[in-house]
Amino acid sequence: MELPSSFNESPAGFSPIDFRAELNDEQYAAVSAEPGPALVLAGAGSGKTRTLTYRVAWLLTHGVNPWEILLLTFTNKAAHEMLSRVENLTGVAMHKFWGGTFHHIGQRVLRIHGKAIGLEPHFNILDQSDAESLLNATIREDDKNFFKNKDNPKTRVISDIISLARNTLLPIDEIIDNRYNYFEHLADKIRHFNHIYQECKLKQQVVDFDDLLDHWLKLLRQDEVLATQFQERFKHILVDEYQDTNKIQSELIDLLGLNHQIMAVGDDAQCIYTWRGANFENIMTFTDRHPGAVIHKIEINYRSTPEILNLANGILSTQPLGTGYRKELRAVRSSNLIPFVVPVMDGKKQAQFIMKRMEGLFDQGYQLSDMAVLYRAHHHAIDMQIELSRASIPFVITSGVRFFEQAHIKDLVSQLAYVYNPQDSSAFQRFTCLLPRVGEKTASRLHRLVLEQSGEKNISPIQAFSVDEVIKKVPVDAQEDWHDLAYTLQDMAAAVGNRTPKEIVKITIEGWYSSYIRNLYSNWSDRIDDLESLVGFAHRFDDMTELLSQLVLLNSEISDRDVDEDFDALRLTTVHQAKGLEFPIVFIIGLAEGLFPNKRAMDEDNLDEERRLFYVAITRAKDELYLSYPMINEYGSPSMRLNPSRFLDEIDREHYEILRIHETTDW
DNA sequence: AGTCGAGTTCTTTTT
DNA sequence: GAACTCGACT
């Protein structure tokens with residue numbers, strides 16, 4: 001039930017857009033808003049993306065230049081989608097905008113201006129797991145016995161604490177006080193670990209995800225001239241999913257938008273990232289921080305049936321008073337089936353019910369790609385995957401190991417990263433540890449030795465791989481591989497500057513790594529195929545640094561062979577990853593206490609966020625909605641009885657119908 | 001001292 | 001299935 005769209009009607013010339021006709025009153029008011037701070041409260045399914053897209057188009061047709069617009073989004077996908085829609089609408093090419101995730105833009109700023117805070121333009125970006133291993137290594141080096149004590153927190157926890165502190169701009173002590181008070185005695189220690197970790201990264205010219213925001217903010221704060229330059233350059237700043245911004249992000253936006261040119265778009269009812277520091281205070285206090293801000297409410301819902309919206313509104317009304325903007329989704333679609341609550345015996349029965357129901361839906365003309373199964377946590381989908389595979393029903397699962405996070409991809413990328421930044425010990429360690437009898441300790445010794453020799457003999461670190469003093473220290477079993485590896489890296493280094501990224505990637509694959517992988521994996525040809533598709537990906541880049549950043553930041557992008565959009569398959573996804581998507585048919589599974597709401601959220605009293613997550617899940621559905629819960633959980637050593645989710649109890653009984661599984665055999 | 005293999009224990013959500 | 005621990009082996 002989308003509004004009429006004139007996309008692609010005039011492929012050659014771009015005829016003027018009739019904004020009034022293509023938008024409803026609420027949307028039009030936001031799109032055509034006068035310059036000045038604005039807060040757009042867009043309910044689920046109300047055409048938020050459309051509004052943002054048309055706003056950009058509006059600005060462009062009213063004399064604003066593309067480079068004067070900064071578009072900040074939560075995911076790369078959202079940025080891409082919006083900008084390509086703008087391109088279709090106005091003919092202005094995507095790359096003319098500064099648009100992307102906060103991290104992406106931060107990276108871009110730091111490449112250009114990072115020198116001021118000690119970052120060379122070729123710095124490498126560590127992903128979550130690289131960052132954690134580096135932190136781990138730093139801690140071990142500083143305090144050998146720290147992890148021997150079982151009562152001490154694991155690296156993961158320390159990393160979480162540090163990250164939360166940085167994202168909320170609060171001191172580490174305060175984070176520990178508030179959320180980890182059982183580690184109070186370690187506050188000094190953790191602060192110290194953080195300190196040496198930051199130093200270590202800077203020395204190696206690497207940054208983690210948080211640095212991309214933190215350094216960016218630091219840069220703007222310390223260099224007033226630069227800050228002013230950005231403030232004057234970006235005449236319009238548009239922020240998507242504003243409710244999920246954290247303190248450091250809102251600080252960045254406020255600083256960049258000092259001239260009151262921010263349009264923030266969001267929905268406080270859909271704030272689901274507080275665990276990552278998101279703070280919906282940002283959206284609640286926006287008008288205080290930006291006096292004169294105009295609030296635009298967009299509430300007409302084009303997506304869902306009234307029955308589904310009744311349920312969604314019911315959830316909204318159970319939210320504690322005063323915690324959000326008052327809103328109600330208004331339906332325009334005609335009535336359809338009432339949502340069903342489906343108790344089932346266990347996960348297997350749950351999967352079987354869904355498959356049974358799917359058959360009925362096929363008869364009604366729906367296809368697999370119209371349907372999605374949503375769940376709270378990845379492992380809730382195991383039974384679903386098993387049963388679907390057994391019945392050979394095609395499905396895509398947006399989770400698990402992402403393409404760029406697979407071992408062989410990271411192995412290869414580490415070699416590329418190292419050639420561009422030989423200080424990067426994480427990259428060095430990643431590929432050296434693949435050699436026989438080389439582990440963490442040997443790797444770091446070799447890395448030090450290589451740098452030392454490079455300094456002493458005044459040669460590049462990569463040439464130093466072949467120096468006798470280094471070779472002597474390589475374990476005997478690894479000698480042969482070491483030579484091949486050194487040769488490949490030197491080949492790559494020689495190609496830097498005069499070959500394209502694509503060609504360099506090719507050299508890397510065809511070098512040491514392909515012979516290594518052949519001996520290691522039985523499915524090596526699949527893995528080589530993956531690597532080959534990396535060559536295709538690299539083809540899009542002229543600049544290796546840009547390619548390397550994207551490989552880390554774009555972790556949701558999948559390999560080219562999976563990009564087939566027409567492939568008819570059922571979608572399995574977590575609720576978090578389903579944010580912003582819509583499906584005619586939605587099954588939400590595992591709606592039991594301890595699963596959804598998640599046990600940990602119950603322990604930590606985070607039920608409001610779980611409820612918002614449930615709200616997000618429900619509002620993905622267009623035509624039909626099924627809410628199911630297993631009564632028994634066979635995972636966990638003694639099978640446990642499960643109670644239906646409290647969220648089901650909170651819904652008015654008249655808004656759904658209970659479906660007993662034995663009655664459904666005829667569907 | 002450091003690597004490697006076997007066995008155990010869990011994971012919410014993501015840039 | 002991967003991330004960690006532990007004991008054996010170099």
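All values below were derived from every heavy atom in this structure, side-chain atoms included, with hydrogens, water molecules and symmetry-related copies excluded. In what follows, chains are A, B, ... by sequence order, proteins preceding strands, each numbered from 1.
- Side-chain contact of A:Q249 with A:E251: a donor-acceptor pair under 3.5 Å is absent, judged by distance alone.
- Note on A:D244 versus A:R276: no salt bridge recorded, every NZ/NE/NH1/NH2 to OD/OE distance being 4.0 Å or above.
- Mapping A:R445 and A:A601 onto DNA chain B via the closest heavy atom, the residue that lands nearer the 5' end is A:R445.
- At a cut-off of 3.5 Å, with distance as the only test, no side-chain donor of A:D254 or A:S250 sits close to an acceptor on the other residue.
- Rounded to whole angstrom, the span from the CD1 atom of A:I272 across to the P atom of B:dT14 amounts to 9 Å.
- Candidate nucleotides B:dT14, C:dC4, B:dG2 were compared by shortest atom distance to the side chain of A:R437, and B:dG2 ranks first.
- Listed by residue number, A:T101, A:H103 are the residues of residues 97-108 of chain A with a heavy-atom contact under 4.0 Å to DNA chain B.
- The phosphate of B:dT3 (OP1 or OP2) has a side-chain N or O of A:T442 nearer than 4.0 angstrom.
- Atom pair A:K579:NZ and B:dT15:P shows a separation of 10 Å (rounding to whole Å applied).
- Nucleotide B:dT11 holds its P atom 17 Å from the NE2 atom of A:H576, rounded to whole Å.
- Rounded to an integer number of Å, the gap from A:K473 NZ to B:dG2 P is 13 Å.
- The pair A:E241-A:K48 meets the salt-bridge criterion, since a charged nitrogen lies less than 4.0 angstrom from a carboxylate oxygen.
- When the P atom of C:dA2 is taken as reference, atom CZ of A:R156 falls 14 Å away, rounded to whole Å.
- Lacking a ring centre under 5.5 Å from that of the base six-membered ring together with a plane angle below 30°, A:F74 does not count as stacked on B:dT15.
- No engagement by A:P475 is indicated, since no non-hydrogen atom pair under 4.0 Å with the nucleic acid exists.
- Between the side chains of A:Q198 and A:K201, at least one donor-acceptor pair of N or O atoms lies under 3.5 Å.
- Among C:dT5, B:dT14, B:dT15, the nucleotide with an atom closest to any side-chain atom of A:W275 is B:dT14.
- A:Q128 has no side-chain polar atom (N or O) that falls below the 4.0 Å cut-off from OP1 or OP2 of B:dT14.
- What separates CD of A:E440 from P of B:dT3 is a distance of 8 Å, to the nearest Å.
- Distance CG (A:D244) to P (B:dT14): 12 Å, rounded to an integer number of Å.
- Outside the 6.0 Å centre-distance limit, the rings of A:H122 and A:Y420 are not counted as a close aromatic pair.
- Within the 4.5 Å cutoff, side-chain heavy atoms of A:W98 are placed close to those of A:V109.
- When each of A:G439 and A:N598 is assigned the nucleotide of DNA chain B with its nearest heavy atom, A:G439 is the one assigned upstream, toward the 5' end.
- Between A:T155 and C:dA3 there is no side-chain N or O to OP1 or OP2 distance below 4.0 Å.
- At whole-Å resolution of the value, CG in A:D211 and P in B:dT15 are 18 Å apart.
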